[in-house]
2 protein chains.
Amino acid sequence: MKMIEDNRKPADVLDDLYLAERRRAIVELVQMQGRVAVTELSQRFGVSEVTIRADLQALAEQKLLVRTHGGAVRIDNDLGEMALALRRQRQVKEKSRIGQAGAERIEEGDAVFLDSSSTSLAIAHHLKQHRYVTVVTNSLEVVHELFNAPGVDVVLVGGVLQRETASFVGAHGLEEIARLNLQKGFFGAHGVDLLAGLTDVSPDEAAVKRPIAALCRQVIAVLDATKWGRVGVASFATLDQVSVIITDAGAPGEMVAAVRARGVEVATV
Amino acid sequence: MKMIEDNRKPADVLDDLYLAERRRAIVELVQMQGRVAVTELSQRFGVSEVTIRADLQALAEQKLLVRTHGGAVRIDNDLGEMALALRRQRQVKEKSRIGQAGAERIEEGDAVFLDSSSTSLAIAHHLKQHRYVTVVTNSLEVVHELFNAPGVDVVLVGGVLQRETASFVGAHGLEEIARLNLQKGFFGAHGVDLLAGLTDVSPDEAAVKRPIAALCRQVIAVLDATKWGRVGVASFATLDQVSVIITDAGAPGEMVAAVRARGVEVATV
DNA sequence: TGCAAAAATCGAAAGCAAATGAAAATGATT
DNA sequence: AATCATTTTCATTTGCTTTCGATTTTTGCA
């Protein structure tokens, strides 16, 4: 079914632009919207479709956009493909209030660690507006998320690429990280348990997190309710190391109470 | 009504001043309004349109504005992102062929280094089909390119993110890299010179490449023709360290001969 | 599904008015 | 008289539109 747009909007029509102005505007539009139609542009700028086609062809030759039938689309930017490959996890990011709560605990001047969990990614998303923050991470997605956040310095812990988690393992360059004075470290985990502490399903991931957790003044675990009581194969931090657990409503009351009794702050958002 | 200026021109120099003043005013107008029309300027300054056109042409040659039909618009010094995208598009064909030639030198089982140059990215592109290859890099784009190449193991050299080049600097984790037995290292460069060797414009980048170049059995420089004879601020390898230079037709013959005389293989694609 | 008709989109060519540049003429200043 | 900014004149170019036949995509129907 086709959507019929009622475009009776004379106010939106940009008339009498110079060629260069119109083409600049087209590039801007295509950057913003991702796609434009010849008809739409023709109406908006008050010129014929032939003229718009000439514009699009010229702009396509300058690699400023990609021509398609009926219009044009944004040029495939460097990191767009990766975003596509990892789209599933990104949707989660939008909804997470845990990320917001985590970001609120980060102050100007802080140096923090974010691991490769989806909750860390959510924190990174909410960090974009911050300034004078240094983020240390082993997550490719966190780097991607913060690539356009000029106020945030990003330090990536190198290593071998794990494609499943888009992260790097192998503990490369820990000596340099150790000099960084990390105030807070945010760790997702597969499970939290009184005995096993924070655990991960991947021993490699755990091997990266373990020494970094030891470096952080505060270890902050970010866990949704389902993680309570679960245990993964590899522990990377004991409960004694953990300062704060950020979780959502639905965390089992007895476990929360037990954890609090061990001196861990539990924040529910 | 015509505006008549009472111009008792007192001295010879003031004659030029009036012209210069009008042009300065035009530049100011264009900066403020974003756009000006020839007719509008003609009326405002009380001179003919031909004169205004001469003004606009002169100002356009000085890059103080952009000429259009009927007027002129402000110079667009907007997105650095776009500039980056454009820079990346330059000489695509040549770089692709250089990348192909570089990729052909990589065999099964090899461990190679790729730096954060666009030619290295081209090599990565042609490496996608290879198997049992390990790529060490400090380039975010190389990682991205190889993310969906399951036959290629990727090791990222960590460090501080440089957004302009999408690379990581700071020499994190070089000890681990040193254990890797790198057969070949591919290095783009800002210039190649008999005395300075391979040079880069960024000291930080050079600081990463220098120790890695020292680790590689073979240092292979990948350079398009424009790089010959240029020198950047920071050297990262002497010519003696270089085994092969891959370049395109158009490299200056004398320099190529001189480099060959120094025992460096030069491959032209 | 599959295929043909219909609709949308496209490129080339022709036409037109505004804008342009080149060259000669004007005019002011020295 | 000489110079130089400016103007006038005019043939040419540019930007745009309209038209029309050729494509491509979508739709309708089996």
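Numbered from 1 within each chain, the chains take letters A, B, ... in sequence-line order.
By the 4.0 Å N-to-carboxylate-O rule, A:Glu28 lies too far from A:Arg24 to be salt-bridged with it.
A straight line from CD of B:Gln43 to C1' of D:dT7 spans 16 Å, rounded to a whole angstrom. In this structure, CG of A:Leu41 is placed 13 Å from P of D:dC16, rounded to the nearest angstrom. The separation between A:Tyr18 atom OH and C:dT20 atom C1' is 14 Å, rounded to whole Å. Taking atom CG of A:Leu17 as the reference point, atom P of C:dA18 lies 19 Å away to the nearest angstrom.
Defined by atom type and a distance below 3.5 Å, a donor-acceptor pair is missing between the side-chain atoms of B:Thr39 and B:Ser42. Counted by atom type alone, B:Ser202 and B:Asp200 present zero donor-acceptor pairs between their side chains at under 3.5 Å.
Within residues 48-58 of chain B, the residues having any heavy atom under 4.0 Å from DNA chain D are, by residue number, B:Ser48, B:Val50, B:Thr51.
Taking the side chain of A:Arg22 as heavy atoms from C-beta on, and the options D:dT6, D:dC16, D:dT25, the nearest nucleotide is D:dC16. Here the side chain of B:Val38 is nearest to one of D:dT24, D:dC16, C:dT20, namely C:dT20.
Residue B:Arg67 places at least one side-chain N or O under 4.0 Å from the OP1 or OP2 atom of C:dT20.
Separating the CD atom in A:Glu40 from the CZ atom in A:Phe45 is a distance of 8.5 Å, to the nearest 0.5 Å. With rounding to the nearest 0.5 Å, the separation of CG in A:Leu65 from CG in A:Asp55 is 10.0 Å.
Within 4.0 Å of B:Ser42, counting heavy atoms only, lies no atom of the nucleic acid at all. B:Thr68 comes within 4.0 angstrom of sugar-phosphate atoms only, judged by non-hydrogen atoms across all strands, and of no base.
Both B:His69 and B:Val47 lie near DNA chain D, and the one whose nearest nucleotide falls closer to the 5' end is B:Val47.
Legend: side-chain hydrogen bond (donor to acceptor under 3.5 Å, both in side chains) pairs involving residues 101-117 of chain B, not counting sequence neighbours, sorted by first then second residue: B:Gln100-B:Glu104, B:Arg105-B:Glu265, B:Asp110-B:Lys184, B:Asp115-B:Ser117, B:Asp115-B:Ser120, B:Asp115-B:Lys209, B:Ser116-B:Glu205, B:Ser117-B:Thr119, B:Ser117-B:Ser120.
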